[in-house]
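Because only heavy atoms are used, hydrogens play no part in the values below, and waters and symmetry mates are left out as well, while side chains stay in. Throughout, a chain's letter reflects where its sequence line sits, starting with A, and its residues are numbered from 1.
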2 protein chains.
Amino acid sequence: MTSQAFEAHDHRSCIAAGVASAVQICAERNLQLTAARQRVLEILLSEHRAMGAYEILEHLRAEGLGSQPPVAYRALEFLTKNGFAHRIERLNAFIACSHLDNAHAPVFLICRACERVVEAEANAAQGEIDRVARRAGFVVERAVREAEGLCPACAPTA
Amino acid sequence: MTSQAFEAHDHRSCIAAGVASAVQICAERNLQLTAARQRVLEILLSEHRAMGAYEILEHLRAEGLGSQPPVAYRALEFLTKNGFAHRIERLNAFIACSHLDNAHAPVFLICRACERVVEAEANAAQGEIDRVARRAGFVVERAVREAEGLCPACAPTA
DNA sequence: GATCGTATGATATAACATATCAACCCCATC
DNA sequence: GATGGGGTTGATATGTTATATCATACGATC
């Protein structure tokens with residue numbers, strides 16, 4: 001997946017590849033990818049948009065994997081803590097990671113029309129956040145880089 | 001105020017200058033800086049940290065300026081829409097603008113220890129968000145640039 | 001088989017945000 | 001001075017997101 005991932009693609013492979021990578025990484029790192037956790041990852045992978053915790057919870061509930069908010073939040077915490085998913089602060093919602101392979105400083109492009117969210121790779125060291133932080137003597141532990149606007153498909157019609 | 005504003009300073013002037021600027025700008029643009037709106041701005045200016053809508057509402061309530069959530073959210077909407085305050089997405093909270101003078105692409109540095117939030121100026125065109133968006137053909141309407149970590153005062157002790 | 005760590009289950013509540021409708025006020029115009 | 005429109009406010013209710021807390025289950029290890 002490239003940074004221009006607003007384009008059409010074989011989406012089944014997104015899900016399959018994402019789950020397969022997660023399974024392998026969890027095995028390597030002795031992380032427990034339990035049924036609920038894996039299912040939440042699949043749910044997130046099933047769409048290139050951010051999903052709220054309660055939307056995810058509805059799926060889990062329908063499948064008998066849990067019905068109370070902490071069920072979803074615990075799975076999401078596991079996934080985000082270990083890099084399998086990201087939280088989109090602007091939307092108070094979550095999305096599967098598109099770049100499981102490499103450590104990264106993701107930038108998210110959020111289309112307000114079609115709701116698609118694309119995760120692109122940035123070079124943190126060249127970004128304005130790090131430049132500003134360095135100048136101020138501030139130690140960055142987590143950086144949020146999100147843009148909201150219109151994707152190439154939606155911009156013309158809007 | 002510079003981008004190193006974690007430093008000590010005459011804080012009374014922050015409040016006075018901020019309100020005075022807002023009064024002037026509202027006059028110029030025919031914006032109504034009503035009692036509640038001005039008071040919310042003062043409340044935000046009174047601390048260099050982000051405040052939640054309900055925390056602000058408590059102040060308003062104590063002063064007889066309103067007691068229900070919409071009162072706070074309406075004032076905050078006015079202030080953010082017109083650039084007198086900013087929303088910190090990471091915290092679901094709000095902070096007074098430190099750079100009323102110039103149009104800007106703010107970067108926020110959020111100290112998780114002392115809770116101070118500093119607004120620094122970035123050069124949007126040089127940032128990673130805009131670079132990535134340009135490459136993807138994405139039209140940015142709003143960009144979120146927030147770093148969470150430790151300020152120069154808190155980093156040593158943590 | 002006792003203990004420990006990790007994960008789940010279950011209930012309640014905190015925190016953040018908006019929809020809706022009625023009332024009010026200013027002020028521009030007739 | 002009456003009329004009407006725009007913006008603002010008041011009040012109620014509700015929707016949405018997130019966490020605290022306590023209890024339970026289960027496998028690993030000693």
Quiz item: In whole angstrom, what separates A/M51's CE from D/dT16's C1'?
Solution: 15 Å
Quiz item: With the threshold set at 4.0 Å, does a side-chain nitrogen-carboxylate oxygen contact exist between A/R61 and A/E58?
Solution: no
Quiz item: What is the distance, rounded to the nearest whole Å, between atom CD of A/Q32 and atom P of D/dG27?
Solution: 11 Å
Practice problem: Give a yes or no on whether a salt bridge exists between A/E77 and A/R74, defined as a side-chain N under 4.0 angstrom from a carboxylate O. | Solution: no
Quiz prompt | Strand contacts (DNA chain C) in residues 54-91 of chain A, 4.0 angstrom heavy-atom criterion | solution = A/Q68, A/P70, A/R74
Quiz item: With under 30° as parallel and over 60° as perpendicular, where do the rings of A/Y54 and A/Y73 fit, or are they tilted in between?
Solution: perpendicular
Exercise. Specify the separation, in whole Å, of atom CD of A/Q38 and atom P of C/dA7.
Key: 15 Å
Practice problem: Give, for atom CD of B/E115 and atom SG of B/C154, the distance between the pair rounded to the nearest 0.5 Å. | Solution: 10.0 Å
Quiz item: Charged N to carboxylate O below 4.0 Å: is that the case for A/R131 and A/E128?
Solution: yes
